[in-house]
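Everything on this sheet refers to the single structure shown next.
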Amino acid sequence: MDEKYFAKKVEQKWQKIWADSGAFHTEIDDTRPKFYALEMLPYPSGNLHMGHVRNYSAGDALAWYKRLRGFNVLHPIGWDSFGQPAEDAAVKRGVNPRDWTEENIVAMRGQLQRLGVSYDWRRQMYAHRPEYYKFDQWFFLKMYEMGLAYKKQTQVNWCSHDQATLSNEQASGGICWRCGNPVTKKDLEQWFLKTTAYTDQLLDDMAEIEAGWPQSVLKRQSDWMGRSEGAFVDFEVKASGDTLFYCPIVDGITSASDLGKNRVRVFTTRIDTIYGVNAIVLAAEHPVIQANIDNFSAEVASKIAFIRSENTKPQDHEAEIEKDGIDTGLKAVNPFSGEEIPVWVGNYVMMAYGTGAVMSVPAHDERDFEFAKKFGLHIRQVISEPHMVHEHNTMQALALEQAMPMDGILVHSDYWNGKTSDQAKVEMTAWAVKHHFGEAATTYRLRDWGISRQRFWGSPIPIVYCDVCGVVPEKFENLPVELPETAPFTGTGESPLAKVPEFYKTTCPKCDGPAMRETDTMDTFVDSSWYFFRYTDPTNEVLPFDPAMAAYWAPVDQYIGGDDHAVMHLIYARFWSKVMRDMGLVTFDEPIKRLLTQGMVVGETFFDDSSGKRVYHQPADVTVTRDAKGKMAGAVSKDGKALKYGIERMSKSKSNGVDPDEMVEIYGADGARIFVMFAAPIENELVWHEAGIEGGVRFLQRVWRLVYKWRAALSVPLSAQNEVLDTIAECTGPARKLRQKTHQTIHRVGDSFESLQFNTPVAALMELSNAIGDIGIEPDAATEADVFAVREAITALTLMLTPFAPHTAEELYSILVGDENGMLANGARFPEFNAELAKADEIEFPVQINGKLRSRIVTSPETSDEELKKLAFADTKVREFTEGKEIVKVIIVPKRLVNIVVR
RNA sequence: GCGGACGUGGCGGAACUGGUAGACGCGCAGGUCUCAGAAGCCUGUGGCCGCGAGGCCGUGAUGGUUCGAUUCCAUUCGUCCGCACCA
């Protein structure tokens, strides 16, 4: 190699050596500890973006670090290759989704390889290949057997733009997660996976991963699942006369055997406020309402119909929806007080949560308050602040200005008066149970996972419909149910598979009679829920993976990806693992021990000041002017137009995107990678500055020159003194100082990796490199001790550089040790830390007077307190400030500082 | 509205359990090399005052605890993110 650093040459050389030698191939090895480093798999769009580069650079750094620490590292990659863009391409451009996908994978794999990411490429998984999706289907059938997969007719979230159904997660906020258009509702027969059967575990097992996951992600997950503890209470319902109405049992909520058919069940977290109930409010879709719709007056019926239709409209989250509702004329009886109260339908009650029925307590709930105000309903306060209890019980309460949703002391509640909310919640629930009109209850926001998609490019759901046998699961031995070569792609709502008779015409697995296949395919989140287990055993044809393989590699030790997957993917993946545990495939509860969420990479954008259009990006098209301090004063385009500056998410349409290939071409993979790691903490947003990357390259060049400068001197074998040199006693002056810095750096870099910091270790390496450069000794004038210290420093620097700039490090390492096979073949290890050597002989003790820094004394860190005090008072500066003052006390912090308090 | 996170030079960011604020890099300024430029190298770079030694101020703002606060507490302002009537 040359004395000058040519990134491209070095990178091509080592990429070839790595590939030829299978340097990153991994197999089970019981003699070494394992480490499973995982990054979120990409969707094969055809182009890597800088967010990917950041993600994979971090994962690769960790993988390399662990390898150098002696771990057997599994570091795989695969392709989330089912999904809508491939089908869009088919609709728009008539290409075959399979061809489109495969081509994109080839392109992106090339990009990753040019970045030199150390994957075991043999273990790639491809969601769209039958060898993989066969096991999506296998899992589906298993879950069907376990009663975890079921079909039901429901209102689904429907995106009319994408012509697709969406899970609740994907329709979060009433907006399609993919295209951003409003979501509507549509009735469809759908397959569901029973995620709700695991909600409690998903919530409770968070304790196991708490230490390794970002708090924000766990918080979002628990909010998403939305467990709330409270009670069901049954209210008897009748007409204003005495006719009992027919009340069908509401789906899934009737466990009390004596729940009468003339009762309606509400869910409340505030049973203690039940004496303040002024009405029962039902969702418009509530079965009681729907079953009796013909009994209502025309006015009531049309209002209900109106509310119902409003509910299906896309919601505008900026504007608060005004409360609306109508008195149905039905009456309900408060089981505690015997009071007769009206039954209303309200637009603010959702059928999807709880029982679709609430007891309205306007005094203590803001929504109920608003509702009562609007319709002039009675408001009664039944919870009081402790000091107000007497007033409340002796005189009528004043009109409330607002709801008071706090806990307190019960008033106007007969027998329960004087109890605290906490007491009352427990005792009143017990009372309700005793008298058979209620029970303690927990409800969740999380619904079951609807996985049916009316799409071609996904795993077919392995179900057959037979006129004779009904719904029949496909036989395991018939898997995979393969997608046909192609289908008519129209972009309309029906699955393209429904237009391919060769696909859907089949025979019944049970009776061999003619039958139809299910033509929906699975949500692609199914693929990503278990893909990381497939890496442990990627070619298994019988099982998704061999449990023994997973037992060695799983769980994932470190997962890295964007926090946009905090709720969907990461809840599904956790759910899937728990199911696999119950199937006996794995033995643990949680599949991912540690999670790191990386921040977005954003771009600088320059706007045309006159038109406001964003058209330019750094550096090619823009000249930036700065003031004397370096602050940006203005920006001008090539054709002389003034530009405004802004920061936006990178994208092609904003022309502020950065192409990873281009960066690698100009600066080299290592330069790009080290910059991405260094520029900001991994969890922060990263603003891409073209100038910054040059700093990364400059650093690599400095290290390169350093090695070449010392190369000849270091190649001289050391004398028999070698071992003696490796002690502190034999090492003084600059050599001693350098060794100290080397070992301090080893410690810092190791620590940083353990706490998943990637920016600070790069800074530490820069410092070490600066320290080597600043040693002030020329190679030809160096003593043996100097050479020893420099050799140690440069070798350590090179090894520690590997996770960030593996190609460069490999090349420099090969120069240093004279071996061309690479570090791993050579058994290279992360440099060993020596605490003795890292210790300083002398340190600077700041001396403060009243907490203000006044002087410094340089002495051994072991100096006794007495001696330190003496030294401090001997200091002229200190004298100046203590002269004629009373010394109140002297505080000495061991190995830190001296603070003299004077008056 | 509810919930969470965060405010440090011109910029990205350092700072161990309260102990020398601004590491490291970018940018900027000056110098060196060169016919010239690029690259490299050297020096400086929080603000104010001072020739200098040095002094004063300084981690969004205000107060508090402490010998000592970027770090802990309270109030407040601001930014970012999540949720969407969850009974």
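Numbered from 1 within each chain, the chains take letters A, B, ... in sequence-line order.
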Phosphate oxygens OP1/OP2 of [N]: is one of them under 4.0 Å from a side-chain N or O of [X]?
X        : N      : value
A/Ser228 : B/rA87 : yes
A/Arg445 : B/rC83 : no
A/Lys219 : B/rG4  : no
A/Arg854 : B/rU20 : no
A/Arg702 : B/rG25 : yes
A/Asn684 : B/rG12 : no
A/Arg220 : B/rC81 : no
A/Lys877 : B/rG55 : yes
A/Asn347 : B/rC85 : no

Checking base pairs now: Watson-Crick or wobble, both atom distances under 3.5 Å. What partners [N]?
N      : result
B/rA53 : none
B/rU17 : none
B/rC80 : B/rG4
B/rG27 : B/rU45
B/rA74 : B/rU62
B/rG40 : B/rU32

Test log, rule salt bridge (Lys or Arg N to Asp or Glu O under 4.0 Å), inputs A/Arg227 and A/Asp200: CA-CA 8 Å; A/Arg227 174 159 65 189; A/Asp200 276 323; 2.5 Å; yes

Looking only at atom [atom1], what distance separates [N] and [M], rounded to whole Å?
N      : M      : atom1 : value
B/rG82 : B/rU45 : C1'   : 40 Å
B/rA69 : B/rU20 : C1'   : 14 Å
B/rA14 : B/rG64 : P     : 31 Å
B/rA53 : B/rG27 : C1'   : 32 Å
B/rC24 : B/rA74 : C1'   : 36 Å
B/rU76 : B/rC67 : C1'   : 29 Å
B/rU70 : B/rG13 : C1'   : 14 Å
B/rG10 : B/rC83 : C1'   : 37 Å

Counting neighbours of NZ on A/Lys709 that are heavy atoms of other residues, nucleotides or ligands and sit closer than 6.0 Å, is the number greater than 12? yes

Decide yes or no on salt bridge (Lys or Arg N to Asp or Glu O under 4.0 Å) for A/Asp407 and A/Lys425, but give the supporting numbers first. CA-CA 10 Å; A/Asp407 280 3; A/Lys425 281 175 195 168; 3.6 Å; yes

Quickly work out the [X] [atom1] to [N] [atom2] distance and round it to whole Å.
X        : N      : atom1 : atom2 : answer
A/Met766 : B/rC24 : CE    : P     : 11 Å
A/Phe675 : B/rC11 : CZ    : C1'   : 11 Å
A/Gln701 : B/rA39 : CD    : C1'   : 8 Å

Side chain of A/Ala680, heavy atoms from C-beta onward: which of B/rG12, B/rG40, B/rA87 has the nearest atom to it? B/rG12

Which of the following nucleotides, B/rG19, B/rA87, B/rG13, is nearest to the side chain of A/Leu897?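 Among the listed nucleotides, the one closest to the side chain of A/Leu897 is B/rG19.
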
Pairing of A/Asp223 and A/Lys219 as salt bridge, 4.0 angstrom limit: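 So A/Asp223 pairs with A/Lys219 through a salt bridge.
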
Indicate, with a heavy-atom threshold strictly under 4.0 Å, whether [X] touches base, sugar-phosphate, or nothing.
X        : result
A/Asn770 : sugar-phosphate
A/Glu844 : base
A/Val901 : sugar-phosphate
A/Asp223 : nothing
A/Gly695 : sugar-phosphate
A/Val349 : base
A/Asn759 : sugar-phosphate

Is the distance between the ring centroids of A/Phe6 and A/Trp704 under 6.0 Å?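 Aromatic pair excluded; centres sit 6.0 Å or further apart.
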
Does the gap between the ring centers of A/Phe267 and A/Tyr444 come in under 6.0 Å?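 No - the distance between ring centres of A/Phe267 and A/Tyr444 does not fall below the 6.0 Å cut-off.
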
Sidechain-backbone polar pair: A/Asp448 side chain, A/Thr195 backbone, donor-acceptor under 3.5 Å: yes

